Structures are given as structure tokens and as C-alpha cells.
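Got a structure for you, written out below as C-alpha cells; questions coming shortly.
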Amino acid sequence: SFSNVKSVYIIGTTRIDSLTRSGGTSVTLSWERAEGASGYHLYRSDLVNGVYKKIKSTTDLTITNTGLTKGELYFFKIVPYRTVNGVNVEGRPTAAKGIRLLERPVITNIAQTASKTLTLTWTEVPMATCYRIYRSESANGEFALLKKITGATSGTSIDLTQDKWYYYMVEAGIDENNTTYYSQKSAAKGAYVTSLARPQISSMVQNSPTAVTLSWAKVSGATGYQVLRAEAENGPYTSVKVLTATKFSDSDLVQGSTYYYKVQPYKTVNGTKAYGMVSDPTGVRLMPAAEITAIERTASKRVDLFWDAVPGATGYRVYRSTSKDGTYSLVKTTTDTTAYNTGLALNTTYYYKVAAEVSNGVINHVGLMSAAKSVTTTDVGTARITAIKQTDSAKVSLAWSAVANADGYELAMAAPGSDTFSRVKSVTGTSTTTSQNLVDGQTYQYKIRAYITVNGEDFGLYLAVE
């Protein structure tokens, strides 16, 4: 005889197709349909070979598990079942699939760093040991894996086509037990690769103790420019102005501080500003104006200038003009706090200004000019002999016209038959009598000059010979 008949229901197997993070504390699984299954149970464990607990059931081919803990590692299995006479008969579970709930990275910036290169930066994800970059040529297109980055939160995309949009996503990963678990991909972020040339800041001028003006050459094809500023050469840089001009004045700065600037061109593409390559940084140190403390005439055609040192300066420039409000020309550069200027014209008033400068790596600029200080290269007038006569056999008496600003007069004589004059004497009056062992019947030549004394040196010109 036979025993009672028992029925066996064969349920097909399935496998988990995907396990992704669908929110901060939730994951979503999807799987293949199992032949003969009425529904599916979701089981979860903290260990790959641990005890699995049934979480929820569904008749769909996808399910979401919420209320999980960020940073934790979870393993899941899907078990198909068939309902027979009101009883759910389970089939064979899938292989376990795990996921670490890493935070979703955020792409913070995509910048064009070379003519055909974009550089991406993103937020650091706690516990992540690597990141994967995906790229597409359309915002809603298929994103293909571009590269895997280890130990950094930035990466490059090279050999791109200019004047074209590219879109990127980034996911964080962690390597555990010979398996890499990945986070949910970031939101897509796009960037346009421009054909704009890299600009260079050509001029940096300090206009006042708290203001500077920078300028640059026009970039062909650019719609406008973004000016970026930082307080350190390596940043961080923030945008301070977007403009269409090639000159920008920045004010309300702090005297004594150092600032760094970059310029970035952009072109408008379908209503969006597409930024090109940024310029190299150029720095400025907001120094106080120099102050000329003294200016001295040390020779007939030379003046010496002195000024106080300016903190932070690496050198100084000396400028000169023949009018106080005229155009000043550079006449000297020095690292000292004194300078001289020679080859001046007589009877001319010169005005001088001094500016501190900085030449130190990326900081190369001239500071504020000092207030003007003047000096006049006054020359003494010329004296003319008005009377000359022999008073006895060995003496000659001479008289000459007075010169208003003269400190004295110098008399010179040439012997008979000679054109070489030698100094006879200096006097302060306008007449003198001289005896130089004169010989009767011989002709002697005399000339006189008025002079002024500057720093111990006499200046003045001889006039006619008598």
C-alpha cells in the first residue's frame, strides 16, 4: 500500500540585480522574477554570514528599506515564496549582497584648467577610500565610468572637445573584505569646455591706501570676465565682480594686508555663463605712501633725496617732473632709502615723488606715490668787470658789477702770452687791488665770476675776459 500523497511546489530562483542607496538612510533593491513565485521576502543582516531577519514583503520586483543608519554595513537577501492554501512557501534565497551607507558626494566645482581639460572637485565622504567619476555628453544621457580616484577629492577629465558640454556624476566607495561598496551617485553637474584663451593680469596699481585697480587684455570670444580674490596665494578664492570691461577697481580693502587676484573669462552659451581658464594669481600689498624727508642740492646739477622706509617694500622708485601737477617720469630705482639725481639744468625747479614697490614672486606692483617735494637748481648771476687800471708799477685795481645772490667773487688772471687762467683771490666785495709781480710793458688778462656756495662747493660762471 502507498502512504499519503504529499505535494511539492517548485519555485524558481532569482538574483539581486541592483542594490543602491536611494536616500540618506534608505536603500533600494531590484531583482529578477522567479518562476512560480507569488511574492518575495526581504531579509537583512549586519554580517554576511550572520542571522538574517525578515524585514518586509512585496509582490513587485523592487523594494526599498528605510530607517537605516548612516555609515553602517548591511547585507540583504531576497527569498521568493508561493502561497499555497493560505500558506507562504519559501523558495531558495539569493546570494547575500551588501552595501555600506556612505554619504552621497556633492560635486562642488568643475573648472576648465587647460584648453581641453576639466577638473572636478567634490565633498569628502566620511569612511570613503575611493571615488568613481562618471561622464555623459547629455544631462539625461547614459553615464559611463571615466576613472577611479583614490585618496583625493578631485580629478581631471582630459582630451575633451572644445565648445561642447559634458556632464559628470561621482560616487564614493569603501574597500572592505575584498569588496568595494559604493554610495549613491551624486547629482549630475555639467560644464562647458570653452575655446577661450587664458587671460593674464597685466597691471596692478594701488590707487589709495585701501584700493587697487587691475587690468588685463581682452580675450577673443569672451562675453565678460569674473574677478576672483583671496587673502592667500593658494586661496580659497571668491568671486568679487562679474563685468564686461577689462579693468576692475577694488575698494574698501585693509591697509597693510595682502590680496591675490585671478581673472576668468566667460562666454554665454544658451543663456548660461560658461567659464574658461583662470589667470595665474597676481598679488598686491597695500602699503602706505612713502614720505620724502629731505631733498638737498649737493652739486650744481645734482640733488640727493631721502625718505622713510615703507613696511613690506622691496624697493623704491623715484619720479621727477618740472611742474607739481605735471607728468612724472621714472628717473631711478633703488633698494635704499636714499637716491641722487644728476645732470639737472640750472635755474630750474624740479619736483620729486617716491613710490615703494614690491617684487616678490606673484606680488609685483608699485605702491602709492609720496607727496611732491621740490628743489630749485639756482645758479648765480654773472659779474662784469666795470673798471680796471694800473695803480702803480706792480699793481692793478679792478671793480665789477654786483650780483644779488652771490656769496662771493673769484678773480682769475692769465700771464702775458698765455690763455691759461689761474685763481688770484676770492673776495666778498665788488672791487680789489692785486699785485702779482707784474712787469711793465706786458699785457695781462683778467676775468671775474660771481659764485654761490652749496655744501662747501662754489658754483658760478666766468664771463668775458678783460
Side-chain angles (χ1 to χ4, degrees), residues 199-219 222 224-233 235-266 278-293 295 305-337 339 350-374:
Q200 291 299 332
I201 297 172
S202 56
S203 174
M204 180 74 73
V205 178
Q206 184 178 352
N207 309 110
S208 77
T210 59
V212 298
T213 295
L214 53 151
S215 57
W216 55 93
K218 180 178 176 59
V219 175
Y225 307 89
Q226 174 179 229
V227 180
L228 305 153
R229 186 183 69 203
E231 295 184 10
E233 181 181 352
Y237 285 82
T238 57
S239 177
V240 293
K241 188 70 174 179
V242 176
L243 71 172
T244 57
T246 57
K247 179 183 291 187
F248 170 66
S249 294
D250 198 8
S251 57
D252 297 328
L253 303 175
V254 179
Q255 182 175 320
S257 298
T258 299
Y259 297 92
Y260 297 84
Y261 292 86
K262 293 180 178 181
V263 173
Q264 188 176 27
Y266 72 86
V278 71
S279 71
D280 294 329
T282 297
V284 60
R285 185 174 296 153
L286 295 183
M287 300 176 293
E291 181 180 356
I292 299 175
T293 56
I295 182 167
L305 296 93
F306 305 86
W307 58 87
D308 291 331
V310 175
T314 60
Y316 302 89
R317 296 190 178 196
V318 180
Y319 298 86
R320 186 187 71 201
S321 176
T322 53
S323 64
K324 184 176 181 180
D325 298 321
T327 301
Y328 285 77
S329 301
L330 178 67
V331 294
K332 181 88 67 172
T333 59
T334 180
T335 57
D336 298 323
T337 55
Y350 291 96
Y351 297 85
Y352 289 89
K353 293 183 178 182
V354 174
E357 68 175 342
V358 179
S359 180
N360 181 18
V362 298
I363 306 177
N364 296 280
H365 76 98
V366 179
L368 298 174
M369 285 190 179
S370 67
K373 200 171 186 69
S374 66

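All values below were derived from every heavy atom in this structure, side-chain atoms included, with hydrogens, water molecules and symmetry-related copies excluded. In this text the structure is predicted, and so the values were computed from the model without any measurement. Here, residue 1 is the first one in the sequence, and each next residue gets the next number.
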- Would you name the heavy atoms of T213 and S249 that are closest together and state the gap between them? OG1-OG, 2.7 Å
- Item | M287 vs H365, side-chain contact (heavy atoms from CB on, under 4.5 Å): CA-CA, chis, key distance, verdict | CA-CA 11 Å; M287 300 176 293; H365 76 98; 4.1 Å; yes
- Message: Checking F248 against I201 for the side-chain contact (heavy atoms from CB on, under 4.5 Å) test, could you report, in this order, the C-alpha distance in whole Å, the side-chain angles of both residues, the deciding distance, and whether it holds?
- Response: CA-CA 11 Å; F248 170 66; I201 297 172; over 6 Å; no
- Do V278 and Y237 pass the side-chain contact (heavy atoms from CB on, under 4.5 Å) test, and can you show the C-alpha distance, the side-chain angles, and the key distance before you say yes or no? CA-CA 11 Å; V278 71; Y237 285 82; over 6 Å; no
- Task: Determine the minimum heavy-atom distance between P288 and Q255, stating which atoms define it.
- Result: CB-NE2, 3.4 Å
- Kindly compute the distance separating OG1 (T258) from CG (L286), expressed to the nearest 0.5 Å.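 Going from OG1 on T258 over to CG on L286, the span is 7.5 Å.
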- Is the side chain of S251 donor-acceptor paired with the backbone N or O of A211 at a distance under 3.5 Å, no angle test?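 Checking the backbone N and O of A211 against the side chain of S251, no donor-acceptor pair under 3.5 Å is found.
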- Message: Using 0.5 Å steps for rounding, measure from the OH atom of Y260 to the CD atom of E231.
- Response: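 The OH atom of Y260 sits 10.5 Å away from the CD atom of E231.
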- Task: Measure the CE-OH distance between M369 and Y328 for me, rounded to the nearest 0.5 Å.
- Result: 8.5 Å
- Given side chains that start at C-beta, do those of Y225 and K218 come closer than 4.5 Å, heavy atoms only?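 Side chain of Y225 against side chain of K218, heavy atoms only: contact under 4.5 Å found.
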- Verdict with reasoning, L214 to T282, per side-chain contact (heavy atoms from CB on, under 4.5 Å): CA-CA 9 Å; L214 53 151; T282 297; over 6 Å; no
- Query: Do Q200 and D280 touch side chain to side chain, with heavy atoms closer than 4.5 Å?
  - Reply: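 When only atoms from C-beta onward are counted, D280 and Q200 do touch, with a gap below 4.5 Å.
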- Query: So do S257 and Y259 actually touch side chain to side chain, heavy atoms under 4.5 Å?
  - Reply: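 Yes, close enough: below the 4.5 Å cut-off.
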- Hey, what do you get for CG (L305) to CG (D336), rounding to the nearest 0.5 Å? 13.0 Å
- Message: Check whether S202 reaches the backbone of S215 with its side chain - one donor and one acceptor, N or O, closer than 3.5 Å.
- Response: yes
- Can you tell me if T293 uses its side chain to pair, donor with acceptor, with the backbone of F306 under 3.5 Å? yes
- Message: So which atom in L243 and which in Y266 form the shortest heavy-atom distance, rounded to 0.1 Å?
- Response: O-CE2, 4.4 Å
- What are the two closest heavy atoms between V358 and G312, and how far apart are they?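 Answer, listing the atom of V358 first, then G312: CG2-O, 3.7 Å.
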- Say whether, by atom type as modelled, one donor and one acceptor occur between the side chain of R285 and the main chain of I363 under 3.5 angstrom.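 Looks like no, no N/O pair under 3.5 Å.
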- Please report the shortest heavy-atom distance between Y352 and R320, naming the atom on each side. OH-CD, 3.5 Å
- Query: Pairs in or reaching into residues 250-263: which pass salt bridge (charged side-chain N to carboxylate O under 4.0 Å, His left out), with residues at least two apart or in two chains?
  - Reply: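 Listed by first then second residue: R229-D250.
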- Message: My understanding is that only residues two or more places apart in sequence, or in another chain, count here; which of them pass salt bridge (charged side-chain N to carboxylate O under 4.0 Å, His left out) with R317?
- Response: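 Scan of R317 (salt bridge (charged side-chain N to carboxylate O under 4.0 Å, His left out), adjacent residues dropped) gives E357.
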- Message: Closer than 3.5 angstrom, by distance alone: can the side chain of S370 be matched with the main-chain N or O of K353 as a donor-acceptor pair?
- Response: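 Checking the backbone N and O of K353 against the side chain of S370, no donor-acceptor pair under 3.5 Å is found.
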- Would a distance-only check, ignoring hydrogens and angles, find a side-chain to backbone donor-acceptor pair under 3.5 Å from T314 to S359?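 Yes.
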- Message: To check you understand the geometry: which heavy-atom pair defines the closest contact between G367 and A355, and what is its length?
- Response: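 Scanning both residues completely, I find the closest heavy atoms to be O-CB, 3.8 Å.
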- Item | Heavy-atom side-chain contact between Y350 and I295 under 4.5 Å |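 No, side chains not in contact.
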- Message: Keeping Y316 on the side-chain end and K332 on the backbone end, is there a donor-acceptor pair under 3.5 Å?
- Response: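 Flag not set: sc Y316 to bb K332 has no pair under 3.5 Å.
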- What is the distance from atom CD of Q264 to atom OG of S239, rounded to the nearest 0.5 Å? 9.0 Å
- Given side chains that start at C-beta, do those of W307 and E291 come closer than 4.5 Å, heavy atoms only?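 W307 vs E291: side chains apart.
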- Query: Do the side chain of S279 and the main chain of V263 share a donor and acceptor less than 3.5 angstrom apart?
  - Reply: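 Yes: the side chain of S279 pairs with the backbone of V263.
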